Student: 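Take a look at this one; I'll ask things after.
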Amino acid sequence: MENEKKVLYSGMQATNVLTLGNYLGALKNWVKLNEEYDCYFGVMDLHSLTVRQEPAEFRKKAKELYATFVAGGLDPKTNCIYYQSHVPEHAYLGWILDCFTYTGELSRMTQFKDKSAKHADNVNAGLFTYPVLMAADILLYQADLVPVGKDQKQHLEITRTIAQRFNQIYGDVFTVPEGYYGKQGAKVMSLQEPTKKMSKSDENVNSTILLLDDKDTIIRKFKKAVTDSEAEVRYDEENKPGVSNLMNIYGAITGKDNAEMEREFAGKGYGDFKMAVGEAVADELAPLQSRYRELMTTEKAYLEECIKENDARASHTAMKTLRKVRRKVGLTDIPDYH
Ligand code: TRP
């Protein structure tokens, strides 16, 4: 058998500037999945075009995200890390699947509604069919599992609907994927408004830890983190969201559970606690940051080689699925399409 491992597929929009939330909620967990699954991780640059991009900045961000994936510990020799746009089959299958998706279904997507409100001057058709391209991403690789955040749950559901609909007409063409939602510790909230998710677009820079923030910046932001007036390190999401968020972060990095953390900081003030969390985060990110700098400078050639190898791997699988889909729907054979 060519491959007995289950296929796992995920990705992020190419314009994402990663935060500690993306790291603890996604990247760090993805690294652990590599042994067990055959993993694909895409830098989703076609999806980013649904919002107007400045070309040079866009290209730079896409490269930075690729390097961040690798620096974060995803090995491009064992994981297929690639740019979505390098495999044209995504857009091609996206079109075919558009024809198997109802406009009514798409207009119910909450992300479409939110984004249309936010970009009212550019409610383009790409924004509307965004979930279908995402379905194509996943279905091209016959993915069994898709680790995503809760905000993508609806998109995963429509992917399953599209796959099932297609299979019902043409037989078993697509694997119907399951969502894989992160466990505890994965959710990182704003340091300033801990009932809100940590986001790179937060206006208050102190709310968000960026993966490439230096140690002083990280410690400074944690020192300013909003807590409460109780001065007791105790987990209580509802009444102590700030402290609980810091505990989630500290726990996700050190592996300690709430009881252990509560014991560790018993009788100590929030100052010590915040300092410990800041130090833990800075130490955790230090190797990623130095690897990132290497990849962006002295190891550029290595990255280029990985991109090329992984393009070929991704294309091989994607073409195989697309060939089957083309045949099933009755498009004529392309003589030398392998
Ligand atoms: N829509 C996803 C997001 O914004 C990114 C994405 C695109 C994706 N295609 C995907 C995630 C396929 C998982 C699988 O987070």
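Because the structure is predicted, anything quoted here is derived from the model rather than measured. Both counts, for ligands and for their atoms, begin at 1 and track the order of listing.
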Student: Is the distance between the ring centroids of Y82 and Y141 under 6.0 Å?
Tutor: yes
Student: Side chains of Y292 and E64: closer than 4.5 Å at any heavy-atom pair?
Tutor: yes
Student: Below 3.5 angstrom, do we get any N/O pair linking Y9 and ligand 1?
Tutor: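 Not met; the criterion fails.
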Student: Does K328 count as lying over the ring of F166, i.e. NZ or CZ under 6.0 Å from the six-ring centre, within 45 degrees of the axis?
Tutor: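 Ring-cation test returns no.
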Student: Measure V148 to ligand 1 on non-hydrogen atoms and call it side chain, backbone, both or neither using the 4.0 Å cut-off.
Tutor: side chain
Student: Short list, please: which atoms of ligand 1 are under 4.0 Å from a heavy atom of Y130?
Tutor: 1 (N), 2 (C), 3 (C), 4 (O)
Student: For ligand 1, does L133 get within less than 4.0 Å through its side chain, its backbone, both, or neither, judged by non-hydrogen atoms?
Tutor: neither
Student: State yes or no: are the ring centers of H155 and F112 separated by less than 6.0 Å?
Tutor: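 Centroid distance H155-F112: not below 6.0 Å, so no.
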Student: Would L65 and L18 satisfy side chain to side chain contact (heavy atoms under 4.5 Å, CB included), going step by step from the backbone distance to the final call?
Tutor: CA-CA 8 Å; L65 184 60; L18 298 202; 3.8 Å; yes
Student: Which of the atoms of ligand 1 are close to H47, meaning less than 4.0 Å from one of its heavy atoms?
Tutor: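 Answer, ordered by atom number: 7 (C), 9 (N).
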Student: Does either side chain, that of S207 or that of Q192, offer a donor lying less than 3.5 Å from an acceptor on the other one?
Tutor: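 Their side chains do not contain a donor-acceptor pair, so the 3.5 Å distance test is not met.
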Student: How far is atom 2 (C) of ligand 1 from its nearest protein heavy atom, and which residue and atom name does that atom have?
Tutor: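 The closest heavy atom on the protein side is Q152 OE1, 3.4 Å.
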Student: Does any N or O of ligand 1 fall below 3.5 Å from an N or O anywhere on D137, backbone included?
Tutor: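 Yes - when backbone and side-chain N and O of D137 are compared with those of ligand 1, one distance drops under 3.5 Å.
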Student: Is there a donor-acceptor pair under 3.5 Å between the side chain of K274 and the backbone N or O of L246?
Tutor: no
Student: Can you tell me which portion of Q84 lies within the under-4.0 Å heavy-atom range of ligand 1? Options are side chain, backbone, both, or neither.
Tutor: neither
Student: Which of the numbered atoms in ligand 1 are under 4.0 angstrom from any heavy atom belonging to G11?
Tutor: 5 (C), 8 (C), 11 (C), 13 (C)
